[in-house]
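Just so we're on the same page: letters track the sequence lines, and every chain starts at 1.
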There are 2 protein chains.
Amino acid sequence: MRIGELSRRTGVSERALRYYEEHGLLRPERRPSGYRVYREADVPAVRRIRVLLAAGLSIAQIVAALPCMVDDDGLLLPSCPELVDELVKHRDRIGEAIDELEATRGNLDAIIAAERRAG
Amino acid sequence: MRIGELSRRTGVSERALRYYEEHGLLRPERRPSGYRVYREADVPAVRRIRVLLAAGLSIAQIVAALPCMVDDDGLLLPSCPELVDELVKHRDRIGEAIDELEATRGNLDAIIAAERRAG
DNA sequence: CTAAACCTTGACGTTGATGTCAGAGTCAAG
DNA sequence: CTTGACTCTGACATCAACGTCAAGGTTTAG
């Protein structure tokens with residue numbers, strides 16, 4: 001599919017989709033004309049990106065945490081690092097992101113509890 | 001106390017403190033000279049602001065939230081249930097992101113294990 | 001009284017994730 | 001072949017939450 005359809009199906013602007021590509025989050029193929037061609041798997045991929053962005057992660061963190069978005073069938077994309085070492089590092093970065101988010105969620109929980117007592 | 005001391009005691013820059021005032025989060029008194037004069041209660045107030053910011057709330061949301069949070073001498077406003085709702089939604093979004101990241105980490109773990117077995 | 005330290009209000013700079021617009025090429029239908 | 005929808009690459013605009021001066025007034029220690 002082309003960018004317009006992906007945009008409609010995900011609710012994400014074309015501008016944003018091009019921006020994600022610019023930062024390595026999406027790698028659509030190109031027609032000779034230059035038109036981007038996306039696969040079905042890019043629809044859930046965009047959804048994952050939005051979830052992480054909504055949670056407060058930056059594009060850079062998402063790039064670092066998900067250098068290889070896993071497909072529905074569980075296969076790695078061709079761009080993935082081969083060394084176990086690299087994979088371990090990536091997993092650890094994801095762990096850091098998780099820790100950050102859990103701390104944030106902890107803060108929110110405390111606030112919510114306090115407000116319930118006060119309100 | 002004046003702005004420098006509040007800045008030192010909270011670890012928040014003077015610029016940020018002035019910015020918070022600009023947006024209605026702090027209301028220090030003024031000397032005839034124009035110097036801001038803060039009360040002791042402003043120290044914990046600034047801490048609360050930082051916690052909310054760290055939890056991912058915007059200044060505008062905090063402005064709405066502060067009246068609900070005062071333990072000192074403030075009033076409670078009826079916008080509280082709405083606020084708690086928003087906070088809960090925000091927390092749930094973060095939970096979603098954590099789930100995504102944990103799934104990704106699980107995939108990476110499986111790949112790492114497979115690579116190790118395969119040599 | 002004076003110098004150092006502190007404070008004031010602008011006002012422009014920064015970063016991240018887009019919005020928006022211009023000028024131009026591409027594609028599908030009639 | 002032409003029209004209209006779609007897409008491309010810049011490039012400037014925006015918004016939040018500050019950082020960073022600049023130019024000048026205030027306070028306090030000695």
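At least one side-chain nitrogen or oxygen of B:R30 sits closer than 4.0 Å to the OP1 or OP2 atom of C:dT9. In terms of phosphate contacts, A:Y19 brings no side-chain nitrogen or oxygen within less than 4.0 Å of OP1 or OP2 of C:dT18. Not one side-chain nitrogen or oxygen of A:R31 sits closer than 4.0 Å to the OP1 or OP2 atom of C:dT26. Remark: A:Y20 is in phosphate contact with C:dT18, judged by side-chain N or O atoms under 4.0 Å from OP1 or OP2. OP1 or OP2 of C:dC27 has at least one side-chain nitrogen or oxygen of A:S33 nearer than 4.0 Å. Within the 4.0 Å cut-off from OP1 or OP2 of D:dA5, not a single side-chain nitrogen or oxygen of A:R8 is found.
Ionic pairing of A:E21 and A:R27 is not present here: no N-O contact between side-chain nitrogen and carboxylate oxygen is shorter than 4.0 angstrom. For the pair B:R91 and B:E86, the salt-bridge criterion is not met [side-chain N within less than 4.0 Å of a carboxylate O]. Ion pairing of A:R9 with A:E5 is present here, as a side-chain N (NZ or NE/NH1/NH2) and a carboxylate O approach within less than 4.0 Å. At a threshold of 4.0 Å, the pair B:R18-B:E14 counts as salt-bridged, since one of the basic side-chain nitrogens sits closer than that to a carboxylate oxygen.
Here D:dC18 presents its P atom at 12 Å from CD of B:E22, a figure rounded to the nearest Å. Here the C1' atom of nucleotide D:dC18 and the CG atom of B:L53 are 11 Å apart, to the nearest Å. Rounded to whole Å, atom P of D:dA17 lies 7 Å from atom NE2 of B:H23. Residue A:L57 contributes atom CG, which lies 14 Å from atom C1' of C:dA17 at whole-angstrom precision. Atom CD1 of A:I62 is separated from atom C1' of C:dT18 by 14 Å (rounded to the nearest Å). To the nearest angstrom, P of D:dT9 lies 12 Å from CD of A:E14. Going from atom CZ of B:R36 over to atom P of D:dG25 covers 18 Å, rounded to whole Å. For the pair B:E5 CD and C:dA5 P, the interatomic distance rounds to 18 Å; values are reported in whole Å.
Ranking D:dT9, D:dT27, C:dT8 by closeness to the B:R18 side chain, first place goes to C:dT8. Set against C:dT9, D:dC6, C:dA17, the side chain of A:R2 has D:dC6 as its closest nucleotide.
Scanning both residues, B:R2 and B:Y38, for their nearest heavy atoms gives C-CD1, 4.0 Å.
Nearer to the 5' terminus of DNA chain D, by closest-nucleotide assignment, is the contact made by A:V37 (compared with the other of B:A16 and A:V37).
One N or O donor and one acceptor, one from the side chain of B:Y35 and one from the base of C:dC6, sit under 3.5 Å apart. The base of C:dT18 sits within donor-acceptor range of the side chain of A:R15, with an N or O pair under 3.5 Å.
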